Number of protein chains: 2
Amino acid sequence: MERNRLDEKKTRAPSGAAVPSAVLTEQLYRAFLEEWAERGFAALSLERVAARAGAGKAAIYRRFPSKLAFADAVLDALGPSVALPEDTGALESDVLSFLLRLRAVLRHPLVRRILPDLHAEAARSKEMRAINTRVAAARRDLGRALLDRAVARGDLPHSLDREHALDLLPATLYWRMVVIGRTPSTKELRTIASSLSAALRRL
Amino acid sequence: MERNRLDEKKTRAPSGAAVPSAVLTEQLYRAFLEEWAERGFAALSLERVAARAGAGKAAIYRRFPSKLAFADAVLDALGPSVALPEDTGALESDVLSFLLRLRAVLRHPLVRRILPDLHAEAARSKEMRAINTRVAAARRDLGRALLDRAVARGDLPHSLDREHALDLLPATLYWRMVVIGRTPSTKELRTIASSLSAALRRL
DNA sequence: TATCGTCGGAACGTTAGCGTTCCAACCATA
DNA sequence: TATGGTTGGAACGCTAACGTTCCGACGATA
């Protein structure tokens, strides 16, 4: 904004080649995520990111002041834009729908590798913790919609403990896929959905 | 063992200062874990580990051929030796006991930081995956004992889906403490235990 | 069409960790 | 008591990434 100050009459809006290339920015984001997945955030080298994107290092340092700011921008831009789980009219099938979508997200090799690394980094750095919290909040909103519908429908009590319910929904699948490293079949998801529904009714 | 070959008559068993110092080995383990927690495995520097342990680098390279072998030995020696959950006579209180012990483990800052890092690394490297599988197997045995008791007691059906039950037990607490980063109160654990018990009966 | 100012990319010196080699110190055994 | 052989620690040369600086190329605006 400083460039458009009134007392700086000589400046003019950047134009032509002087405006950042959106294409390269996109390539940098992608390269950053791939490097993150391959090496982990702590060992991530911006030099490698630049090389992978086919760009110079200055291209990065002009856009982002630090690795963390870069990561923040990346997650903001290409962060897992999980779709809202559909309304199937019943709790258990809603939960199944939620699990199916979560499985789709966790199937992406990049996501599966980056997520635990993000959590590990969040435990170490305050800044990364803030980023993680932001990502988590977006995720929680999706689950909340599901719960609200179930309460409105009468499938779950008004007194439902939403906080714990929101933990319960994704935890088991995350554990199985990220911690154990196995992807459950749709049939298994049905089993989990049934079990989780029972757990939710108890909250 | 090569040293004790019959055809090598001149050798004699190492003794005196020629035997590795168990104290230093212990210090190296501790230093490795602390560095791991602070920097992450990928960015872990053996030079720093040696310095932190007050030892030379050769002390490390003589004991372990690689960073991975070092990590393997560390987890084997100081790995979370979780105690078996006690037999309280009922499913829900057994589950609560399990959760209380898991919380105690996950409260340790080192564990909280290293575990997700271990999972992230397991997603990247085959060798670390093997290590993680070993750690996970030890963990699963604890849960299995709990489930077996409940089945014998009649609290859970013989047809219980053990695999999913074993996922269910730790997943929610892990999610809350490691992914979200919040430690639940004992009262909250009771809520979770109640909810999980309902889920288990549905498996 | 000339200009302006950022563009991408190459090169800089610095720092840090790598894996190895060498050596005096050490101490239970013979 | 002398000894054998590993000990811990310092120094080696090498590689990689750091963060910065410099420069010709570029293209919409005036």
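Residue numbering restarts at 1 for every chain, and letters A, B, ... go by the order of the sequence lines. Since this is a predicted model, take the numbers as computed values, not measurements.
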In chain order, what residues pass the side chain to side chain donor-acceptor pair (under 3.5 Å) check against E34(A), with sequence neighbours excluded? R52(A)
Contact under 4.0 Å: R62(B) side-chain N or O vs dT6(D) OP1/OP2: no
If I take atom CG in residue L24(A) and atom P in nucleotide dC26(D), what distance separates them, rounded to the nearest angstrom? 16 Å
Please work out which of the three classes, parallel, tilted or perpendicular, describes the rings of F70(A) and F64(A), given edges at 30° and 60°. parallel
Nearest-angstrom distance from the residue atom CD of Q27(A) to P of dG8(C): 10 Å
Letter by letter from the 5' end, nucleotides 13-20 of chain C scores (B base, S sugar-phosphate only, - none; protein heavy atoms under 4.0 Å) ----BBBB
For F64(B) and dG8(D), what is the distance between atoms CZ and P respectively, to the nearest whole Å? 11 Å
Against the side chain of A59(A), the closest entry in dG8(D), dG8(C), dG9(C) is dG8(C)
If you apply the rule side-chain contact (heavy atoms from CB on, under 4.5 Å), what do you find for E163(B) with R140(B), and how did you get there? CA-CA 9 Å; E163(B) 280 311 300; R140(B) 280 176 102 75; 2.7 Å; yes
Any side-chain donor-acceptor pair under 3.5 Å between R202(B) and S195(A)? no
Picking from L99(B), L102(B), L147(B), what satisfies side-chain contact (heavy atoms from CB on, under 4.5 Å) with L169(B)? L147(B)
Checking R63(B) against T25(B): is there a side-chain donor and acceptor pair closer than 3.5 Å? yes
